[in-house]
Amino acid sequence: MGTEEVWDTKVQQFHGGQDWRFLDNFIEDFSVTTNALGTPKAALEAAKEAIYTCHHYPPADQEPAKTSLAQFLWPDDYSMHRDRLLLGNGASELIDLITRSAPLGTWKPGPWDVQYKEYQRSAETNGRVILQAQDTTPANLISIVNPCNPTGDYKNIIDLKHWIDINVEDGGFVIVDESMQPWLSREFRSDSLSSQHDFLYSLYESRQVSVYVIHSWTKIFSCTGLRLGSIICPTSAHCDVLKKLQVPWSVNSPALAFLDAVVKDTAYMEQTWELTRKWRAEFIERLKGISEAIVQAKDDEEYAWEFKGKSFLSYIWINVKSEAIAKEAVAKARAAGVPIRSGTPGYERPTYIRLAVREPSKVDILIKAWSKLGRN
Ligand SMILES: Cc1ncc(COP(=O)(O)O)c(C=O)c1O
């Protein structure tokens with residue numbers, strides 16, 4: 001049994017991150033885009049403590065976690081924006097909630113080659129007309145994942161606002177997924193749409209366009225099993241509409257306690273910014289060695305791997321230029337207890353693989369598993 005059999009792909013969207021439980025020799029998960037530092041200790045302890053309150057309902061107002069997250073997002077003026085924030089059972093709950101409440105009509109993804117698929121799944125199951133990324137027709141619901149998972153493309157705030165302006169119909173909805181954006185740097189807030197209050201208000205006033213910013217917190221804080229996401233609405237009235245639709249207590253007590261603690265862990269964020277870039281660059285150098293060995297063995301430059309994505313990100317999207325080599329890479333990684341994400345299921349990019357950035361000692365194991373890759 002493996003990842004592909006876990007998902008009922010006739011009715012569910014495939015995602016990575018399931019292999020680990022089927023591997024007796026499991027060592028490290030390279031298949032999900034979680035933080036290489038692992039789960040922050042203090043927040044994990046807070047979640048464990050909260051388990052002892054499981055005979056009580058979680059707070060209906062999601063406090064104090066919601067205010068703590070608001071302080072993390074807007075350290076200077078959080079109290080002005082807190083009422084525009086709603087927490088969810090992972091970003092996935094909020095993606096579906098917002099898609100269901102958008103005015104019916106067309107849906108279009110971001111301009112990337114491929115992007116995280118839940119937006120499209122939700123648009124399709126809600127009966128929307130799907131436009132292609134290259135279509136220049138504005139849509140009345142557009143969803144851009146920025147930075148993009150899996151490709152690692154990123155629009156800075158100026159380009160992002162321009163893309164929104166020209167791609168959404170008047171009266172439409174825009175969802176911007178910034179789950180990977182806090183990895184940017186200590187200054188991530190200044191390049192984030194979550195800080196563009198005037199732009200969001202004026203787009204709503206002038207064109208009745210509603211812009212929502214979604215974050216999955218399960219990646220940067222490495223807590224995919226806990227389920228934590230948030231949505232920033234253009235106004236508190238928009239937030240009330242979502243609150244009315246949301247099932248009560250969708251974020252459980254351990255997840256709320258975790259969030260409340262984790263956003264105060266500044267040392268963890270500092271380490272994230274410092275080490276992710278470094279480990280990513282070193283990882284790519286080592287992978288280049290494998291690519292060069294394949295090129296030499298095949299005596300063909302066409303086999304040189306292409307490494308995609310911004311240098312600050314927690315993952316690398318790689319075109320290995322051959323379906324056979326991509327398959328072999330996935331199989332060998334799995335056999336060595338270090339599963340990776342194939343580009344085939346869900347993304348339909350059979351010559352691609354996605355690797356999470358991980359600490360060097362774990363990378364050693366993957367590199368060793370691929371010592372003869374493409375040369376059998
Ligand atoms: C860009 C992006 N958004 C949202 C999600 C959903 O995250 P979750 O529901 O775990 O919070 C993911 C998960 O892979 C993602 O990569």
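One-based numbering, in listed order, for ligands and for the atoms of each. Given the structure is predicted, the values throughout are model-derived calculations rather than measurements. Note: hydrogens, waters and symmetry copies are ignored here, and every other heavy atom, side chains too, is used.
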Would you mind checking if E274 and K278 are paired as a salt bridge, meaning a charged N to carboxylate O distance below 4.0 Å? no
Is the shortest heavy-atom distance from the side chain of S92 to the side chain of R227 under 4.5 Å? yes
Please check if the number of heavy atoms outside L104 that lie under 6.0 Å from its CG is greater than 12. no
K244/D240 salt bridge by N-O under 4.0 Å criterion: no
Is P58 close to V251 at the side-chain level, that is, under 4.5 Å between some pair of heavy atoms? no
Pairs of nitrogen or oxygen atoms, one from ligand 1 and one from the protein, closer than 3.5 Å: please tabulate them with distances.
unit_1, atom_1, unit_2, atom_2, d
ligand 1, 3 (N), D177, OD2, 2.6
ligand 1, 7 (O), S216, OG, 3.1
ligand 1, 7 (O), K219, NZ, 3.1
ligand 1, 9 (O), A91, N, 3.2
ligand 1, 9 (O), S92, N, 3.0
ligand 1, 9 (O), S92, OG, 2.5
ligand 1, 9 (O), R227, NH2, 2.7
ligand 1, 10 (O), T218, OG1, 2.9
ligand 1, 10 (O), R227, NH1, 2.8
ligand 1, 10 (O), R227, NH2, 3.4
ligand 1, 11 (O), A91, N, 2.7
ligand 1, 11 (O), S216, OG, 2.7
ligand 1, 14 (O), K219, NZ, 3.1
ligand 1, 16 (O), N149, ND2, 2.7

Side chains of T151 and R354: any donor to acceptor distance under 3.5 Å? no
